[in-house]
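The structure displayed is predicted, hence computed values, not measured ones. We name chains A, B, ... by the order of the sequence lines, and we start the count at 1 in each one. FYI, side chains are in, hydrogens and waters are out, and symmetry mates aren't considered; it's all heavy atoms of this structure.
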Amino acid sequence: MKRSRVNPRVAILCISSIISLGSMGVGYSAWNDRVIIDMSITTGYIDADIEVLERRITLEGEEYLDFVLDTDGKTLFIEGQVYPEFNNYIDINILDGGSIPFAISKVEEIKETEIVILRNRGRGLKSKESTEEEILRQNQIRESLSLQINPSHIYKEVNYLNMNHRIGEPNYAVETKSGGVGQLELRISELRSEIESYKQIDEEQEFKYNILFEQGI
Amino acid sequence: MKSRNLNIISYSSKESSIVLILKGYGGIKMKKKMTILALSFAATLVLMPAGFGSWYDNVTILGLIRIIPNPDIIAEMEAELDMLEIQMLEAKKRIQVVHKQDSVVEMENYYPTTEPISVGQEGDEVEIEIEEELGISEENADAK
């Protein structure tokens, strides 16, 4: 009988090592667990769109203002004609059409004019009695702007525009003294020149604002 | 290092300095690496502004407004002018009356009357003519 070359003791040691390592692996696997985090990140974008509540404002006489919004909602063109004593506010909303909240970072006045002032009114107040649809629309509004158009103050030579009086309520007290006549004569000549200046008013004022938005709350 | 430096010097002067450096330091492999680096840098320069662009937005408000005179205001101003002119005429008339009365008083002082002026009999109706051109009003005539 041929005798085995493997020492039975070594064989037992190897087999017991295999069994112990295997069982240890099973044991360790019971003490471990894993969770899978499956995440996808996409970059957001900012999309600011202009909203005007009215497309045309028809005022008294020949006064009117047209608001033409570009198809992409990025450019608002205001065109119209007004009287020198016109003083009105136009509300412009900036809607959020993107995935990142934004705020105004810069307002550039590319073409300046004295008759227009652009103000930021913030996000505006939400009415408690608003309907669900209105609330959704209000939530879309990121910024509310107010455009004041007031040409009267550039016509300083026409004092009449800055006086709070009406016909039948003369500004200058009429006195029977000779000084009163002088005052009246002065006022009459002033008023004549004011009428002439006022009749000659016919000019176009151009303005351009570029409003930049970036991420912000 | 010495051999590399010698390598650079040995190239002809027609080749650009960048090519010389590439060939000198690392040979063809280095050239490939540098090309990939340059291309990736160029790609970054193209992609980065596009990425940043989506985090910014801008809107434009343009306006062209014509200012014209208001006919109602012109009418108001002209009405006030007319009113002021009327008031001035009235004031001038009043001043003329005051001057006239002053001159009458002066004349009376200069030529004092001793006898009272009698006009007709007692109970007769007397017609007083108001001298408009002198600016004497009815009140003043009555006072006389």
Open item on the list: Heavy-atom cut-off 4.5 Å, strictly under: side chain, backbone, both or neither for A:I92 against chain B?
Closed with: side chain
Open item on the list: Under 4.0 Å between a side-chain nitrogen and a carboxylate oxygen: does that hold for A:R187 and B:E85?
Closed with: no
- [ ] Of all the heavy-atom pairs spanning B:L81 and A:I188, show the shortest one and how long it is.
- [x] CD1-O, 3.6 Å
- [ ] Output the option from A:I104, A:L76, A:L65 having the highest count of non-hydrogen pairs under 4.5 Å with chain B.
- [x] A:L76
Task: Heavy-atom pair of closest approach, residues A:I50 and B:I61 - done: CD1-CG1, 4.5 Å
Open item on the list: Does A:K208, at its NZ atom, have more than 12 non-hydrogen atoms belonging to other residues, nucleotides or ligands within less than 6.0 Å?
Closed with: no
Open item on the list: Less than 4.5 Å to any heavy atom of chain B: does that hold for the side chain of A:E185, its backbone, both, or neither?
Closed with: both
- [ ] Mind checking the CG-OG1 spacing from A:D70 to B:T60? Nearest 0.5 Å is all I need.
- [x] 9.0 Å
- [ ] Give the minimum heavy-atom separation between A:N210 and B:V59, together with the two atoms involved.
- [x] OD1-O, 3.2 Å
Open item on the list: So, taking the atom named CG in B:D57 and the one named CG in A:L212, what distance separates them when rounded to the nearest 0.5 Å?
Closed with: 8.5 Å
- [ ] Can you tell which part of A:D47 gets under 4.5 Å to a heavy atom of chain B, answering side chain, backbone, both or neither?
- [x] both
Open item on the list: Is A:Q215 in contact with chain B via its backbone, its side chain, both, or neither, using a 4.5 Å heavy-atom distance?
Closed with: backbone
TODO: Kindly compute the distance separating CD (B:E76) from CD1 (A:I195), expressed to the nearest 0.5 Å.
DONE: 11.0 Å
Task: chain B contact via A:F77 - which portion, at a heavy-atom distance below 4.5 Å - done: both
Open item on the list: Let me confirm one number: the OH-CD distance from A:Y198 to B:E78, rounded to the nearest 0.5 Å.
Closed with: 11.5 Å
- [ ] Please round to the nearest 0.5 Å and tell me the distance separating atom CD1 of B:I67 and atom CD of A:Q81.
- [x] 10.5 Å
Task: Contacting moiety of A:I100, where chain B heavy atoms sit under 4.5 Å - done: side chain
TODO: Take A:E85 and B:I73, measure what side-chain contact (heavy atoms from CB on, under 4.5 Å) needs, and give me the verdict at the end.
DONE: CA-CA 9 Å; A:E85 60 279 1; B:I73 293 286; 3.4 Å; yes
Task: A:Q148, CD: over 12 other non-hydrogen atoms inside 6.0 angstrom - done: yes
Open item on the list: Only pairs of heavy atoms separated by less than 4.5 Å count here; which of A:T75, A:I94, A:L147, A:V68 has the most with chain B?
Closed with: A:T75
Open item on the list: At a heavy-atom distance under 4.5 Å, which candidate from A:P151, A:G44, A:G61 has the highest pair count against chain B?
Closed with: A:G44
Open item on the list: Looking at every non-hydrogen atom in both residues, tell me the closest pair between B:P69 and A:P84 and how far apart they are.
Closed with: CA-CD, 4.1 Å
- [ ] Show your reasoning for whether side-chain contact (heavy atoms from CB on, under 4.5 Å) applies to B:I65 and A:E79.
- [x] CA-CA 6 Å; B:I65 293 171; A:E79 192 266 329; over 6 Å; no
Open item on the list: For the NZ atom of A:K199 and the CD1 atom of B:I74, what is their distance to the nearest 0.5 Å?
Closed with: 6.0 Å
TODO: Mark yes or no for whether B:N70, through its side chain, and A:Y83, through its backbone, hold a donor-acceptor pair below 3.5 Å.
DONE: no
Open item on the list: So B:M77 and A:E194, do their side chains get closer than 4.5 Å, heavy atoms only?
Closed with: yes
Open item on the list: On a heavy-atom basis, which atom in A:E206 and which in B:L64 lie closest, and how many Å separate them?
Closed with: CG-CD1, 3.9 Å
Open item on the list: So for atom CG, which belongs to A:D38, do other residues, nucleotides or ligands contribute more than 12 heavy atoms lying within a distance under 6.0 Å?
Closed with: no
Open item on the list: Report which part of A:I110 has an atom under 4.5 Å of a heavy atom belonging to chain B: side chain, backbone, both, or neither.
Closed with: neither
